[in-house]
Amino acid sequence: MSRDEPVTNLVKPDIRTRIDERLRELERSGLRRSLTPPSGIDFSSNDYLGLSQHPLIKERMAEAVLKEGAGSTGSRLLRGERASFSAIEKRFATFKSTERSLYFSSGYLANLAVLTTFPETGDVIFSDELNHASLIDGIRLSRARRSIFPHSDVDALHRLMREEKSEGEQFVVVESLFSMDGDEAPLNEYAELCRETGASLIIDEAHAVGIYGANGSGLIEENGISEDVFISVNTAGKALGVSGAFVAGSSPAIEYLVQRARPFIFSTAPPPSVAAAIDTALDLVASEPQRRERVLALAQTLRERLGLPGCSQIIPVVIGDNERAVRIAQELQVDGFDVRAIRPPTVPPGTARLRISINENLSEESLEQFASRLLAVLQR
Ligand SMILES: Cc1ncc(COP(=O)(O)O)c(C=O)c1O
């Protein structure tokens, strides 16, 4: 082989050939994604309360960077610990009506931590079939056995639990507001079932925090079931507009995570400035409940206009075919609306969709323009 020959011309099938083939497969099935920065009116982000650009949060974060530096320099159990982390954890625990909470640098890591720490060999995890990838991955990594139940089907779950022969602990894992369908889980029924059976209820509140409940802490609060929940996971990167996540629960459970959760122990602590930013975001959730009321009212208006049931700020418009979903999203983007197509494996095969999300900054006019454009595109 000449020295000038590019490495890519190697004849032997190798990892590069395999990767090229995999990429072609994705292309053929309409599943190849591209990285596209925001442009146009936001109908797709999780910035439901519009806090990511709030001047008070930005100022507070910038001040904290100047005071405390850019990074935390180590893991929380080493030199990465800061007084601002324990302060924000205390505040978040009160917000969730739990004894204690623990801050993680992402919701993904928080779910891995919870699901790889509490369930042990011999235990069973019952998981809703539409649970988020971070819950699925946590369950895959855990040593417990998994049992998948049909979406929000409490009777089917109860049957599976009764048929279970294992003597170990049972965990029930659900999202409170499903990220791609925008529907609420029947939390009261899960709470009752877990009370009866002694199973531990784990609830991912990623899309409900900041939106639901009198204090804006989520659907656990709205349903009045905090006593029945073993652990909740609450992201700060969605309605709170910052990043990271809080695991909330009893003091011993949180202490156990500090001691044993590998995603907590073996990872650099988040920048201290995020704790400051979240503190201000929580101030705004407390002092401006009109934000969450407006989000839900706008969502209601759009749902009515599109003739879609439901009531949350996440509105799925199921298209089915992957390429058609992408084409429709692109047409709307050309018109200045930032809508994204969601395809498998994020959603089940054959259910590619537009995931429309509503945020507080949207005006009634842009909502109306978007609705008429979307209806026109869908009718074609
Ligand atoms: C239900 C759910 N849980 C967890 C996560 C992960 O949270 P994060 O983005 O903070 O990693 C997401 C993110 O999309 C989610 O939708």
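Counting starts at 1 for both ligands and their atoms, in listed order. What you are looking at is a predicted structure, and each value in this text was computed from that prediction instead of being measured.
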(request) Under 4.0 Å, heavy atoms only, figure out whether ligand 1 is touched by the backbone of N46, its side chain, both or neither. (result) neither
(message) Do the side chains of D20 and R24 get close enough for a salt bridge, i.e. N-O under 4.0 angstrom?
(response) no
(message) Regarding R28 and E21, does a basic nitrogen lie under 4.0 Å from an acidic carboxylate oxygen?
(response)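 Looking at R28 and E21, the cut-off is met.
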(request) State whether the shortest distance between N or O atoms of Y108 and N or O atoms of ligand 1 falls below 3.5 angstrom. (result)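 Between Y108 and ligand 1 (N or O atoms, distance only) the closest approach is under 3.5 Å.
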(message) Please report whether ligand 1 has a polar contact with E175, defined as an N or O pair separated by less than 3.5 Å (distance criterion only).
(response) no
Per-atom contacts, ligand 1 versus [X] - under 4.0 Å to a heavy atom:
{"X": "A206", "answer": "1 (C), 2 (C), 3 (N), 15 (C)"}
{"X": "N111", "answer": "3 (N), 4 (C)"}
{"X": "S134", "answer": "3 (N), 4 (C), 5 (C)"}

Residue and atom name of the nearest protein heavy atom (relative to [atom]), distance in Å to one decimal:
{"atom": "atom 5 (C) of ligand 1", "result": "H132 CE1, 3.5 Å"}
{"atom": "atom 3 (N) of ligand 1", "result": "D204 OD2, 2.6 Å"}
{"atom": "atom 13 (C) of ligand 1", "result": "K238 NZ, 2.7 Å"}
{"atom": "atom 16 (O) of ligand 1", "result": "H207 NE2, 2.7 Å"}

(request) Would you check, one step at a time, whether the test ring-ring contact (aromatic ring centres under 6.0 Å, His included) holds for F92 with Y103? (result) CA-CA 9 Å; F92 206 90; Y103 184 66; 8.8 Å; no
(message) Side chains of S217 and N215: any donor to acceptor distance under 3.5 Å?
(response)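 No, no side-chain donor-acceptor contact under 3.5 Å.
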(message) Distance alone, cut at 3.5 Å: any donor-acceptor contact between the side chains of Y48 and N46?
(response) yes
(message) Holding to ring pair (Phe, Tyr, Trp, His ring centres under 6.0 Å), I want the full list of residues that pass it with F264, two or more places apart in sequence or in another chain.
(response)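 If we apply the ring pair (Phe, Tyr, Trp, His ring centres under 6.0 Å) test to F264, skipping adjacent residues, the hits are F104.
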(request) Determine whether the aromatic ring centres of F230 and F118 lie less than 6.0 Å apart. (result)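 Yes - the distance between ring centres of F230 and F118 falls below the 6.0 Å cut-off.
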(request) State, yes or no, whether a side-chain contact exists between L193 and V154 at a heavy-atom distance under 4.5 Å. (result) yes
(request) From the options G107, S176, A236, S179, select the one whose nearest heavy atom is closest to atom 8 (P) of ligand 1. (result) G107
